[in-house]
Amino acid sequence: MTRAFTTTLDTLRVIGGLLLANALLSWWFTGSPTWGYNGKWADTRYLRYRAFGSPVHLTLGELAKFDGSTPGSPIYVSINGSIYDVTSSARIYGPGGPYHAFSGKDSARAFVTGCYEKEDELTHDLRGLDEEEIEEQLGGWIRFFSNNPRYWLVGTVDLPVPTGDIPSPCEHQRYPGH
């Protein structure tokens with residue numbers, strides 16, 4: 001039994017030494033311990049979430065707290081009930097960023113229409129919009145957030161059934177930088 005334990009321990013030491021040597025060589029050549037990789041697997045917050053986290057389930061009021069105004073808190077963007085962590089792009093989604101209007105909200109309507117400067121467009125209410133446009137636009141944005149190496153799905157938000165007036169249509173506009 002002692003021999004098997006020693007062999008396992010030696011194997012772990014060799015693997016650890018190789019990983020350390022790899023990180024040091026990477027740092028020497030690229031200035032990064034991950035050979036220049038900057039995706040979510042290099043983000044310690046993502047690794048902690050994968051190892052210890054569980055999906056969040058929030059209300060719209062709770063989601064609003066994750067808009068980047070509180071230092072150290074994650075920044076969340078929600079599309080049609082799915083919440084994505086976009087903290088790695090705080091300069092884009094944080095206060096003062098071009099997409100800050102989407103932070104801490106489910107703005108599915110704005111993702112479909114391209115209108116994000118009107119407060120009534122920053123809602124999950126999709127009533128009055130063309131079904132084909134909804135499917136095409138939301139699908140594209142969901143794929144963007146799901147496949148982006150810097151963002152990840154962290155949970156869901158409870159979306160109440162929309163009531164009241166249907167948001168007034170706006171002129172289509174392009175998002176900043178598009």
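Ring geometry for F111 against F102 counts as parallel: the plane angle stays under 30°, on a 0 to 90° scale with 60° as the upper cut.
For S78 (side chain) and S82 (main-chain N/O), a donor-acceptor pair under 3.5 Å exists by modelled atom type. A donor-acceptor pair under 3.5 Å is formed between the side chain of H124 and the backbone N or O of P160. The closest donor-acceptor contact from the side chain of K105 to the backbone of A101 lies under 3.5 Å. R150 places no side-chain N or O within 3.5 Å of a backbone atom of T87 that could act as its donor or acceptor partner. Of the possible polar contacts, none joining the S26 side chain to the N22 backbone as a donor-acceptor pair under 3.5 Å is found.
A pairwise comparison of heavy atoms in H57 and E62 identifies O-OE1, 4.0 Å as the closest pair.
Proximity of the aromatic rings of Y84 and Y151 is defined here by a centroid distance below 6.0 angstrom, and this criterion is not met.
For the atom pair CG of N147 and CD1 of I142, the computed distance is 11.5 Å after rounding to the nearest 0.5 Å.
For the pair D106 and T123, the minimum side-chain heavy-atom distance is 4.5 Å or more. The shortest side-chain heavy-atom distance between L159 and L60 falls under the 4.5 Å cut-off.
Side-chain atoms of T113 and E121 form a donor-acceptor pair, as typed in the model, at a separation below 3.5 Å.
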